[in-house]
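Each remark here refers to the structure printed beneath this line.
Reminder, nothing fancy here: chain letters follow the sequence lines and each chain counts from 1.
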2 protein chains.
Amino acid sequence: MSRVTWSRVSYAATMAGMDDDRSLPLRERKKLRNRRALADAALRLFAERGFDATTLEELAEEAEVSKSTFTRTFEAKEAAGIEAEAELWAAFLATVDAGVPKGPVLDGLHRALADAMAGLDGTWDARFLATRRLAVAEPALLRYVEHHRARVREQLAAGLAARLDLDAEDLRLHVLAELAMTAFSIAGRAWVRGGGAGGRASLLAGLADAIRAVPASLDLAAE
Amino acid sequence: MSRVTWSRVSYAATMAGMDDDRSLPLRERKKLRNRRALADAALRLFAERGFDATTLEELAEEAEVSKSTFTRTFEAKEAAGIEAEAELWAAFLATVDAGVPKGPVLDGLHRALADAMAGLDGTWDARFLATRRLAVAEPALLRYVEHHRARVREQLAAGLAARLDLDAEDLRLHVLAELAMTAFSIAGRAWVRGGGAGGRASLLAGLADAIRAVPASLDLAAE
DNA sequence: GGCGAGAATGACCCTCGGTGTCATTTGATG
DNA sequence: CATCAAATGACACCGAGGGTCATTCTCGCC
């Protein structure tokens with residue numbers, strides 16, 4: 001009953017980049033290292049020779065593991081290329097799950113996203129930028145990011161419903177989840193276009209702008 | 001220069017269900033019939049034996065065409081299963097492209113979506129319902145729908161920018177595109193849960209509710 | 001009505017992502 | 001140290017999707 005599921009812990013650990021945290025069991029640390037090695041290899045090889053031109057075998061060889069280990073670690077070839085993206089949203093969901101600040105929910109989500117980003121390890125900025133650049137160039141990766149975000153959106157809406165004690169199908173929750181993530185998405189696009197200048201601080205500033213654009217958009221009228 | 005690209009016409013024709021419209025060249029009518037036969041076969045077989053358990057060969061055989069024709073007609077196995085969904089969004093984009101009504105843009109998009117839906121052929125309701133039921137049961141199809149909608153969202157934002165003479169990167173446009181489609185998505189979910197009762201009229205009513213939830217969501221506060 | 005050009009189709013090949021199996025290795029535990 | 005569980009690697013397999021090429025059909029023109 002009180003059995004610890006290390007697999008879950010290990011993923012959270014990856015998020016913080018503590019893949020050699022001595023507090024983790026050795027077995028878990030090894031799994032994390034494999035995961036990180038594969039994700040790094042993916043970032044490198046996909047950028048170098050393209051997504052389609054990279055086979056799973058090459059990826060596995062670059063990370064010095066077997067193809068079997070790859071397929072057990074990632075649910076798809078694409079997933080290895082967007083680890084940084086996945087880390088962000090996992091941290092975000094965890095933050096929201098820990099509690100939504102009082103006040104307008106959209107502001108709370110904004111705050112949670114900023115907090116989550118603050119907790120990511122130092123290498124995240126560069127890895128995220130690389131991920132997003134790949135996504136722009138490779139349709140398959142872009143598609144996968146969309147898919148991943150849609151799942152996060154669902155979990156977010158469900159988490160909010162639990163937190164705020166509202167019906168899980170409350171339209172407002174779904175709209176809010178969509179809004180928060182769209183705001184980030186828009187900010188991210190601009191940030192990447194600017195080469196990621198200013199690091200995550202600048203990305204956060206863009207996010208704040210995008211959040212402000214939400215109420216403004218409702219006032220936009222044709223003609 | 002004035003050469004007609006029939007392929008585009010044929011897709012629009014499929015939308016209206018006029019796959020035996022005598023005004024179309026015979027060659028195009030045949031292509032449309034193949035397309036429709038494959039989409040229908042997909043709806044049938046995917047529901048019957050599951051998405052994964054259906055091979056392209058079986059699909060092709062059911063529609064009495066070759067596997068080659070399938071891969072030339074659809075960009076993925078999933079695409080055949082969500083034709084009804086695709087028809088809706090194609091009609092929507094076409095409507096928006098024809099002009100956005102004056103007044104608040106979100107209302108204009110709401111109107112455009114309603115108009116687009118009104119123009120779909122009579123078999124659409126049932127086919128759309130079947131499509132959505134499949135999407136709920138089959139993760140692969142759900143993922144594909146997300147991907148498809150994301151592409152529509154981009155085109156919508158771009159189309160709005162052109163129509164309203166705004167910058168293509170204007171945050172408000174992206175937010176609005178997201179909002180309109182999310183509203184439909186939420187309404188659709190409820191409609192499917194209710195077994196599609198009331199046909200498209202009832203779906204439209206749900207859409208109106210969802211659109212109204214947008215400003216309401218911004219007022220939602222924690223605690 | 002017949003003819004030539006071009007488009008669509010079908011039969012066939014191949015690559016590779018993803019799954020399942022099974023033996024082997026390695027970390028955890030008492 | 002012995003036992004057990006979990007992770008790994010080697011291997012075989014299926015099927016989606018892409019490419020090639022010969023064949024068939026539609027269209028525009030004579």
Side-chain angles (χ1 to χ4, degrees), chain A residues 2-11 20 22-38 42 45-46 49-81 138-141 143-144 147, chain B residues 2-11 22-38 42 45-46 49-81 138-141 143-144:
Chain A
S2 63
R3 210 173 163 306
V4 176
T5 305
W6 283 108
S7 304
R8 301 204 173 239
V9 176
S10 69
Y11 187 68
D20 48 17
R22 296 315 228 74
S23 76
L24 249 40
L26 176 57
R27 185 178 278 173
E28 291 305 312
R29 270 178 282 161
K30 287 196 169 180
K31 243 170 48 172
L32 277 177
R33 269 199 288 271
N34 281 347
R35 188 184 186 92
R36 188 49 95 85
L38 283 168
L45 294 187
F46 290 170
R49 56 181 87 165
F51 179 80
D52 291 329
T54 306
T55 68
L56 289 193
E57 266 107 351
E58 293 169 329
L59 223 49
E61 198 198 338
E62 177 86 4
E64 295 181 293
V65 297
S66 71
K67 183 187 159 191
S68 294
T69 296
F70 183 99
T71 63
R72 270 189 225 102
T73 307
F74 293 103
E75 69 171 12
K77 185 184 177 185
E78 292 87 339
E138 302 283 356
L141 286 177
R143 200 178 317 160
Y144 199 79
H147 159 58
Chain B
S2 64
R3 209 173 164 307
V4 176
T5 305
W6 284 108
S7 305
R8 301 204 172 239
V9 176
S10 68
Y11 188 68
R22 298 315 228 74
S23 75
L24 250 40
L26 177 57
R27 187 178 277 172
E28 291 304 312
R29 270 179 281 162
K30 287 197 169 180
K31 241 169 49 170
L32 276 178
R33 268 199 287 273
N34 280 347
R35 187 184 186 92
R36 189 48 97 85
L38 283 168
L45 295 186
F46 289 170
R49 55 181 87 164
F51 179 79
D52 291 330
T54 307
T55 68
L56 290 193
E57 265 109 353
E58 292 169 330
L59 224 49
E61 198 198 338
E62 177 87 3
E64 295 180 292
V65 297
S66 71
K67 184 187 158 192
S68 294
T69 296
F70 183 99
T71 64
R72 269 191 293 261
T73 306
F74 294 102
E75 69 171 10
K77 184 183 177 185
E78 291 88 339
E138 302 283 357
L141 286 177
R143 201 178 317 159
Y144 199 79

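Between B:K30 and C:dA8 there is no side-chain polar atom (N or O) within less than 4.0 angstrom of OP1 or OP2. For the OP1/OP2 pair of D:dG15 and a distance below 4.0 Å, the side-chain nitrogens and oxygens of B:T55 include no atom meeting the criterion. Phosphate proximity of D:dA7 to A:N34: absent, as no side-chain N or O sits under 4.0 Å from OP1 or OP2. At D:dT8, none of the side-chain N or O atoms of A:S68 fall inside 4.0 Å of OP1 or OP2 (strictly under the cut-off).
Taken to the nearest 0.5 Å, the CG atom of B:L56 stands 12.0 Å off from the OG1 atom of B:T69.
Residue B:T73 is classed as having no contact, given no heavy-atom separation below 4.0 Å to the nucleic acid. Across all strands shown, A:T69 has heavy atoms under 4.0 Å from sugar-phosphate atoms exclusively, and none from any base.
Atom CD in B:E57 sits about 12 Å away from atom P in C:dC12, given to the nearest Å. Atom CG in B:L45 sits roughly 16 Å away from atom C1' in D:dG15 (whole-Å rounding). Rounded to a whole Å, the CG atom of B:L56 is 15 Å from the P atom of C:dA11. One atom, CZ of A:R33, and another, P of D:dA7, lie 15 Å apart when rounded to the nearest Å. C:dT9 atom P lies 10 Å from atom CG of B:L38, rounded to whole Å. Atom NZ of B:K31 and atom P of C:dA7 are 10 Å apart (whole Å). In this structure, CD of B:E28 is placed 12 Å from C1' of D:dC27, rounded to the nearest angstrom. A:R143 has its CZ atom 13 Å from the C1' atom of D:dA16, to the nearest Å.
Under 3.5 Å, the side chain of B:R72 and the base of D:dG18 form no donor-acceptor pair of N or O atoms. Looking at A:K67, its side chain comes within 3.5 Å of the base of C:dG18 through a donor and an acceptor atom. You won't find any donor-acceptor pair under 3.5 Å spanning the side chain of A:S66 and the base of D:dA10, going by distance alone.
Shown here is B:E58, whose CD atom has more than 12 heavy atoms of other residues, nucleotides or ligands within 6.0 Å.
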>> Between B:E75 and B:Y144, does the side chain to side chain contact (heavy atoms under 4.5 Å, CB included) criterion hold? Intermediate values first, please.
In response: CA-CA 11 Å; B:E75 69 171 10; B:Y144 199 79; 2.6 Å; yes
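In this structure, the side chains of A:K30 and A:R27 stay at 4.5 Å or more apart for every pair of heavy atoms.
The aromatic rings of A:F70 and A:F74 sit tilted relative to each other, their planes meeting at an angle between 30° and 60°.
Comparing B:K77 and B:R27 by the nucleotide of DNA chain D that holds the closest heavy atom to each, the one mapping nearer the 5' end is B:K77.
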